[in-house]
Every structure is written in structure tokens, then in C-alpha cells.
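As the structure is a prediction and not an experimental result, all values here were calculated from the model.
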There are 2 protein chains.
Amino acid sequence: MEARDVMNKEMQRTLLEDVAREAEVSTASVSRVLNRAPHVSKRLRERVEAAIDRLGYVPDGTARALASRRIGAIGALVPTLDNPIFSAMIDSLERRLKRHDCRLLIATYRYDLDDELQALRTLIQQGVDGVVLVGHDHRPAALTLLQRRQLPFLTCWHAEDDPDWPGIGFDNTAPARHLAEHLLMLGHRRLAVVSAPTDGNDRARARLEGFRQAAEAAGCPLPPERIVKVDYGIAEGAEAFESLMGLDRRPTAILCGNDTLAFGVMLAAQRAGLQVPREISITGFDDLPQARFMSPPLTTVAVPAGEIGRQVADGLIARIDGVTTPHRRLLDAPLVLRESTGPAPTD
Amino acid sequence: MEARDVMNKEMQRTLLEDVAREAEVSTASVSRVLNRAPHVSKRLRERVEAAIDRLGYVPDGTARALASRRIGAIGALVPTLDNPIFSAMIDSLERRLKRHDCRLLIATYRYDLDDELQALRTLIQQGVDGVVLVGHDHRPAALTLLQRRQLPFLTCWHAEDDPDWPGIGFDNTAPARHLAEHLLMLGHRRLAVVSAPTDGNDRARARLEGFRQAAEAAGCPLPPERIVKVDYGIAEGAEAFESLMGLDRRPTAILCGNDTLAFGVMLAAQRAGLQVPREISITGFDDLPQARFMSPPLTTVAVPAGEIGRQVADGLIARIDGVTTPHRRLLDAPLVLRESTGPAPTD
DNA sequence: CATATTGTTGTAAGCGCTTACAATAGATTT
DNA sequence: AAATCTATTGTAAGCGCTTACAACAATATG
């Protein structure tokens, strides 16, 4: 390995000090040029920039991070990237962060809040400049950790009024309620729900709550047996449908906690020979790209995933820069009525 | 802000030095315990660990990065996360990296290789311990950058034999060829292709090449007008279908570069009143979860996205640890024959 | 023209760890 | 028991930047 050692020696990286020497200025000046600090004369800047070009200097991020106490990256804690609605948000978040010259560290936790807390610890240890979380369901220790470090953070996706968690998101309950009201208005009286597991998932809880509110207000509350909770997935949705079909009094409409479950439900319904929506109405939540291409196209709620990513990026960067931003920002999540819902069958 | 200043003063973070003092050992010993270095007596370890617990010490990642020259994170360059096949890979990559106590920095580049190069520069500057890239289509400068820094890296998704780019992936050409052969065997003679743009995308090129090879070998080469290149998306697939239907001699089978395009093609075909596969056969590539739930279920190629993520994580970590791993690892991408393909119509 | 003010640059002290090397203690050999 | 070797621990010099502060120059003010 001698050759390798020699190489390593010859490969002396150019340091900021070398640039300073080359430009015949102090290291502080080079650093100021690099960081676009004020009070730098044009002459000096040009000399430094020329030296940087000549030497092909690239600053060392780790040294900069240690000295400046900012790493140039934020951390995002998301349940999973295996769900396109989250990956769409992360995609737009990352793209927008790039504009602010900020990188993105990702950590997933599979809806396990203890894992989330652990991942948060790791991110903080790495020195991230800010943190993005999904929803308001977190271990209390997570909040303590963020507050004690005075670390900028923002939640997203869910935005109920919560003094602890500043956030950018949308109301999950109201659109769910409207979806149910839409079905009730179409004459449905036996509603059923296929929901994602609600543990550690306030979005799922809020949607379920919205369904419940509407059902109760209309005088036809949801009995437990007509609320099925299943994991994320098309197959899971299909299974949920089958279990609902095993009931004595079958529902005439099924409200699903997300589009993917709705796809599964719809496929299973059609496989069972049911006409959608003539014999059974189905709703989703998310408005994934496929939703409008299903047959029939899915009635759902359009979740502004891309917009959330962008606004969270802007908002968190502002907070990192010490700018106070609104504690809560509510985006629109409009109902998208398509053809998977129709009048209740008259039996 | 006086109260704040006071707080900041009182909030003196615990440093490694404080732990050393508390445990009455040297800072080097604390560091050794922290890093599970060899030659640490049990007694010392226990004392240090007790002190760490007592003080609630959390090491500073940036200082550790500067001193040790590893940051505890790798960078992944992917075209986009808006495509579920990539986000599935990233999801499994991140989860597997966690096991190795390694974080993930994400950067997307929208298939723009100049953007990719720029993003690579930024990641290197951040000090990532390794880099994952997709495919072998990159600016030459990217390779130079990686080599000069002697930075461990691995490509994925595509794995042709290439001395420059070590990689873990699958053969994109052969399954594409097999798909086309499958159609030819079913009697189809007028094949068409709906491909993703091939610029900076060797996977798309390889698949197209596979389709071509089979078509030519069977004596019915693909004329240019029967090769449509469109951006990623269901709507884009649908549009491609319509442009193909404008041809004099319509194809009896359409090979799509990915499942999403195939969904679009299939929907447009059905909307146009065509029976799939009786009047037209359609194939995809990826085997997204929905593929088997389409009606009819989509014939496609199962891309091992999750397995790629895991193997890339293990492989890159090994390289970072100085372990030599195979230059190239080929995974299986099996054909999944379903009902969207059938005998050519006899007209 | 002396003085205050503002703008520009340099000096040098960290930032909080890791690790080469030195020192010491303990075990083993002869 | 002296000599040798090995396992353990400590000392201190960085890692490559940023930034508080000082110094000085240029400009404005009275």
C-alpha cells in the first residue's frame, strides 16, 4: 500500500489557508467571500474568487459546520417513503430546499413513535439545522428535545390548533366529514369505513372522526363492526372489503382512509361482481394520480402534498434564519367528486 | 432578549470533556468508549458510561465528523422521488442504512445530468462517506470527482458491465427483449413502444434496445413512428396511445417503458373502446403494486427495488469500511406474465 | 483640521471531537 | 528477579473552518 500512501500525501487537499496565501489575503477574508458576508470590497472579492478558481478549492462542509454551528441540512421524519403521497411531499420539499442551499436528511419510522424519537435523536446529534415532522402525534420527549435545543421545527400534513406544534397542513376532519355528508346526501344510510391504523397517526384518527361526525349528525352512527382498520396497501383494502361483505347488513357506501385502500376496495367490489357506484359507493383520500384514471374515477380529497413540501421548506428556512412565521398555516384539501359515488341503491 | 441570553449561558451543553472530568478519566478514553474502540477495560467503560448517563451527554456529530473524517451519512442521487419505484428503493435503502448506523442524504435531479453533477458536488462538500447513483449515465466529471476523492460509491438499477461504474442492479435489456419475444410468440407483428425519454437515462435506452433486438430478430423491426417517447405519467401514456392510434397501420401490441405509462396506455385503449388483450396487448415494466390489480392485470417485469436498496446499503457500507465487494452484482428482474397480453388479433 | 463615524481587513482563538504517540501497569518469559 | 512484551490509559496536537475583536483606512462632521 505504499503507492497509496504516497498518493494520499501528494493529494493534499487545497485548504482555505492555501487560497488565502494564493490571494495574499487573510483567511478571514476568504471565509467572508465564501459566505457572502457584508463589508467585502469588490477588489478583494475578485482576488479571492480568482484564487479559488485557480486552485479549484472546495470548502470542507464538516469544518464549516463545526465552526459555524450550522450544517446546511435539515432532517425530515416521515412514516415511510413507500407511500407515494409522502414521497411526493419529500420530493417537493427537497427541491425547494435546494433553492435555499439546504440539503435534506431523511429518516423513516414506520409509524412507530419510539423509532421516530430515536431517529430524531440521531438527526439532532448529526447537527441538523431544523426538523420536519408529520402530524402532531409524537412522544413527549420529542418536543422536549426540540425545545431544549431551541431547534427550529415544523410539522406538516395535519394542522389542528396545537400550541406545542407549529405546522403547515390541512384539516383532515372537515373533508372527511364532507365526504360522508356527500354520501348521506345521496341517500346512503349504511356507511362503512376502511381506515388506516390510528395508533400514532392523528391524520387517520381525524379522518375517522370526520366520518363519524357526519354519520352521527345524520342519525346513522357507525357501529364498530363497520369500521375496519387495516395496514396500507391495495391487497389490504381488498381484504377489508371482503370482511365488510361478511356482515349481515352490508354497507351501501365505503369511506376509505386513503386512495390506496380505496383502490383495493374498489377492485374487490368489482371482482365480487358489484357495480360501482350503482350497487356500492366508494371514496378515497389523497387524490393520487391514478385516482382519476380508475374506472370509475374515484371520489376523493385532494391532499396538497407538493404544496406542503414547498411551504414547509420556505417556512422552516425562515425559522432557521430567525424569522417568525405563523404558528399554523392551513392549506386547502378540496373534495374531488368523481364517479365512484352515486345514489344509494333502493333495495 | 436578555432572558434568552441568560438561558443560553445556563444551557451550556455537556461536552466530552465534562464527561471525562466526571468519570475522572482522559478525553481519549471517553472517546474510545464512545467509538467502541478496542483496548478499553470493562471498569473504564462502565465508569464512562455511568458518567454519560448522569450528565445526559450527547456527542456532537459535526465535531466528530471533522476530527474523524466521516460524517455517518451517505448521499443518494436519484432522478426523482415522485416515481414510486424510486421511492420504494430509497425507502429500503434508508431502512437498511439505519442498521449500519448510517444516515441518508437525498438529492434529486430530474434526469438533468448537469444538475446531478452539481448535486454530487454539494454532497461531497457536505462530506458524505459514500454516494449512490442510479444507472451509468453521468457526466464524466462526476466520475473524476469521485475517484479523485477516493470516495466509495455504487450505482444501482442498471448493471451493464462497465469498468468505471461498480453497481448493483439488473439487466434492463434482456427482460425487455423477452417481453417483446413473448408478444411475437403470440403472433404480434406490428409492435409499438411507448418509452420514457432516453436522454441521460440508460435504463430507458436499454429497455428500448431490448424491444428492438427482439423485433429485428423476428424480422419485423420497429419503425420510428411506432416509437413514442413521452415523460413519466399516466396522462402522458394515454396521449402516447392516442398518437399511436393515429397511424395508418395500428400496432397490435404496445410495449411500455414503465408501468405508469402502461397504465395510461391501457386506460386510453379502454376509453377508446378497445378490448385488452383481445384487440390490443399492453406490457409495462416495474411491477408496481397496482399492476396486478389492473383489469386486466398487467404483464410486466418485476424490478427488485427493495432488494436493490438493501444490497446497495450493505455494499456501500462494506466499501466504506474498506472491504472489497464485487464490482457488479446482477439481480433477477423476472417477467410477470398476466392478462394484458394475448394472441394477436386475426384481422 | 481635529474628531467621530463607517467600512474594510487581519489576528488569533476557538468549535468539540479523534488519534498518533508516549507512558505506565500488568503479564509473561527466561 | 530481571527482561520483554502487551494491554490500557493519558497527553496534546490537530481536523479546516468561522468570527469576535482589534487595527487601520477612508469618509463625514463640526
Side-chain angles (χ1 to χ4, degrees), chain A residues 5 8-9 11-49 51-52 55-73 124-129 149, chain B residues 5 8-9 11-49 51-52 55-73 124-129 149:
Chain A
D5 285 349
N8 280 338
K9 256 171 215 155
M11 294 259 263
Q12 276 294 358
R13 299 219 301 112
T14 324
L15 306 182
L16 183 140
E17 199 187 328
D18 303 322
V19 176
R21 202 177 306 116
E22 173 83 11
E24 299 180 283
V25 298
S26 71
T27 57
S29 293
V30 177
S31 175
R32 287 193 192 101
V33 171
L34 246 31
N35 295 295
R36 294 171 177 66
H39 308 316
V40 178
S41 72
K42 197 175 164 191
R43 209 180 71 87
L44 194 151
R45 161 173 298 107
E46 281 166 358
R47 275 180 53 183
V48 171
E49 278 169 354
I52 288 175
L55 300 175
Y57 169 69
V58 178
D60 178 313
T62 62
R64 188 198 291 244
L66 176 58
S68 68
R69 321 194 104 332
R70 49 200 144 70
I71 195 188
I124 290 178
Q125 189 165 334
Q126 291 272 320
V128 291
D129 301 325
R149 298 271 179 151
Chain B
D5 285 349
N8 281 339
K9 255 169 216 155
M11 294 259 262
Q12 276 293 1
R13 299 218 302 111
T14 326
L15 307 182
L16 183 141
E17 198 187 330
D18 302 322
V19 176
R21 202 177 306 116
E22 173 83 12
E24 298 180 285
V25 300
S26 72
T27 57
S29 293
V30 177
S31 176
R32 286 194 192 101
V33 171
L34 247 30
N35 296 295
R36 297 169 175 66
H39 308 315
V40 177
S41 71
K42 195 174 169 192
R43 208 180 71 87
L44 194 151
R45 161 173 299 108
E46 281 166 359
R47 275 180 55 182
V48 170
E49 278 168 355
I52 288 175
L55 300 174
Y57 169 69
V58 178
D60 178 314
T62 64
R64 188 197 290 244
L66 177 58
S68 69
R69 320 196 106 326
R70 49 200 143 72
I71 195 190
I124 289 178
Q125 188 165 334
Q126 292 272 320
V128 291
D129 301 325
R149 298 270 179 155

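- When distances are taken from the side chain of B/T27 to each of D/dT11, C/dT11, D/dG10, the shortest belongs to D/dT11.
- Using a 4.5 Å cut-off on side-chain heavy atoms (C-beta onward), B/V33 and B/V25 make no contact.
- At the phosphate of C/dC17, OP1 or OP2 sits under 4.0 Å from a side-chain N or O atom of B/Y57.
- For the pair B/L66 CG and D/dA13 P, the computed distance is 17 Å after rounding to whole Å.
- When distances are taken from the side chain of A/R70 to each of D/dG10, D/dT19, C/dG16, the shortest belongs to D/dT19.
- Distance, B/R32 CZ to D/dA7 P: 14 Å, rounded to whole Å.
- A/S26 has a side-chain polar atom (N or O) that falls below the 4.0 Å cut-off from OP1 or OP2 of C/dG10.
- Atoms CD (B/E17) and C1' (D/dG10) sit 14 Å apart, rounded to a whole Å.
- Put simply, OG1 on B/T14 and CD on B/E17 are 12.0 Å apart, with the number rounded to the nearest 0.5 Å.
- Nearest-nucleotide positions on DNA chain D for A/L34 and B/H39 put B/H39 closer to the 5' end.
- For B/N35 and C/dG16, the CG to P distance is 17 Å, given to the nearest whole Å.
- Side-chain proximity of B/R69 to the nucleotides D/dC15, C/dC17, C/dG10 is greatest for D/dC15.
- Contact record, B/Q126 with A/A73: OE1-CB, 4.5 Å, taken as the closest heavy-atom pair.
- For the OP1/OP2 pair of C/dT19 and a distance below 4.0 Å, the side-chain nitrogens and oxygens of B/R64 include no atom meeting the criterion.
- Nearest nucleotide to the B/V25 side chain, out of C/dG16, D/dG10, C/dT18: D/dG10.
- Residue contacts shown for A/R45 are absent, as no nucleic acid heavy atom lies under 4.0 Å away.
- Across C/dT9, C/dC17, D/dT19, the shortest atom-to-atom separation from the side chain of A/S31 is found for D/dT19.
- Considering only heavy atoms from C-beta on, A/V48 stays 4.5 Å or farther from A/R32 through its side chain.
- Checking C/dT18, C/dC17, D/dC17 against every side-chain atom of B/D60, the shortest atom distance belongs to C/dC17.
- When rounded to the nearest whole Å, the span between CZ of B/R47 and P of D/dT8 equals 16 Å.
- Rounded to whole Å, atom P of C/dC17 lies 12 Å from atom CZ of B/R21.
- Nucleotide D/dA7 holds its P atom 17 Å from the CG atom of B/L44, rounded to whole Å.
- The distance from the NE2 atom of B/H39 to the CG atom of B/L44 is 13.5 Å, given to the nearest 0.5 Å.
- Between the side chain of A/S31 and the main chain of A/T27, no donor-acceptor pair closer than 3.5 Å is present.
- Residues B/V40 and A/V30 each lie close to DNA chain D; by heavy-atom proximity, the contact nearer the 5' end of the strand is made by B/V40.
- Here D/dC17 presents its P atom at 16 Å from CD1 of A/I71, a figure rounded to the nearest Å.
- Checked against C/dT18, D/dC17, C/dG10, the side chain of A/S29 finds its nearest nucleotide in C/dG10.
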